[in-house]
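Structure first, commentary second.
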Amino acid sequence: MELVIGNEAELANLVANEFSKTLQRKPDAVFGLATGSSPLRIYDELALRVKSGAISFSKASAFTLDEYVGLPEGHPESYRQVIQRDFLGKVDFQADNVKSLNGTAADLEKECLDYESAIDASGGVDLQILGIGSNGHIAFNEPGSSFSSSTGIRLLSPQTRQDNSRFFGGDLDAVPKYCMTQGLGTIMKARKIVLVANGLNKAEAISQLVEGPISSFWPATILQHHPDTTVFIDEEAASKLTMADFYKYSAANQWPAK
Ligand code: GLP
């Protein structure tokens with residue numbers, strides 16, 4: 001796992017570079033997209049690059065990570081609407097090339113199975129962007145999730161519902177109890193993963209992710225086993241790392257030496 005510590009603008013630029021490199025190498029790449037506040041600057045940077053003609057998603061495809069169960073179609077906080085507002089509406093994916101879980105499907109279990117199969121049938125995700133919850137969840141894989149889980153229906157933890165109530169006008173009761181999510185096993189199949197986090201609220205989760213033991217109690221720690229993950233964080237999110245200085249030193253002294 002690699003770690004980059006910087007300010008929001010630097011991080012957005014570096015993560016956007018990973019998208020650009022992927023598209024350069026493979027214009028029809030498959031991207032994994034995350035909702036939440038953490039990727040917003042990156043999505044804005046990517047939108048600028050599309051607008052300037054530097055990159056294009058017109059041949060690419062994408063899968064989103066997760067969805068609430070039961071929010072009516074078109075609800076502003078359904079993740080399909082959120083990703084449309086925050087990213088898809090500003091870039092040039094072909095609509096049919098972006099898949100999301102449908103939280104109102106008649107058969108939710110079948111919806112999850114079909115989604116996992118669709119990811120596999122696409123050839124797999126080339127670049128997955130992730131945020132992290134304050135309790136260490138990735139997508140909606142809460143503490144205790146199986147490391148080999150595939151896409152399925154889950155119960156949200158009280159902590160996550162509390163954290164996410166800010167998107168529902170602070171009304172905890174408005175936050176759905178259940179969700180659908182790519183599993184940890186699904187996410188681990190992505191060829192490359194970039195995880196972004198900022199703020200003090202994420203410092204403990206980042207400390208566990210980078211320096212803690214691998215444990216389903218902190219689900220993101222499974223990424224220590226992923227062959228190509230880079231974690232991009234700001235100083236606040238890095239504030240509980242015991243070796244922050246060494247991570248900065250190693251980021252500035254990548255091989256081959258200059
Ligand atoms: C939600 C999402 C996650 C996201 C996390 C952190 O629960 N399901 O995919 O990473 O929140 O969100 P934020 O980036 O807004 O802190």
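Read the numbers this way: they start at 1 and go in the same order the structure lists the ligands and their atoms. What's counted below: heavy atoms across the whole structure, side chains too, no hydrogens, waters or symmetry copies. Keep in mind it's a predicted model, so treat the numbers as computed, not measured.
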query = Does atom CD of E109 have more than 12 heavy-atom neighbours from other groups under 6.0 Å away?
reply = no
Test side-chain contact (heavy atoms from CB on, under 4.5 Å) applied to F31 and Q128, step by step = CA-CA 6 Å; F31 292 93; Q128 173 69 55; over 6 Å; no
Non-neighbouring partners of K26 that pass salt bridge (Lys or Arg N to Asp or Glu O under 4.0 Å), sequence neighbours left out = D126
ask   = Would you call R41 and E10 a salt bridge, taking side-chain N to carboxylate O under 4.0 Å as the test?
value = no
Contact table, ligand 1 N/O with protein N/O, distance under 3.5 Å:
| unit_1 | atom_1 | unit_2 | atom_2 | d |
| --- | --- | --- | --- | --- |
| ligand 1 | 7 (O) | H137 | NE2 | 2.9 |
| ligand 1 | 7 (O) | N164 | ND2 | 3.2 |
| ligand 1 | 8 (N) | D66 | OD2 | 2.7 |
| ligand 1 | 8 (N) | A139 | O | 3.2 |
| ligand 1 | 10 (O) | I132 | N | 3.4 |
| ligand 1 | 14 (O) | S37 | N | 3.3 |
| ligand 1 | 14 (O) | S38 | N | 2.9 |
| ligand 1 | 14 (O) | S38 | OG | 2.5 |
| ligand 1 | 15 (O) | S37 | N | 2.7 |
| ligand 1 | 15 (O) | S37 | OG | 2.7 |
| ligand 1 | 15 (O) | R166 | NH2 | 3.0 |
| ligand 1 | 16 (O) | K202 | NZ | 2.5 |

Flag for Y115-N102: side-chain donor and acceptor within less than 3.5 Å = no
task = Enter the distance from E67:CD to S78:OG here, rounded to the nearest 0.5 Å.
result = 4.5 Å
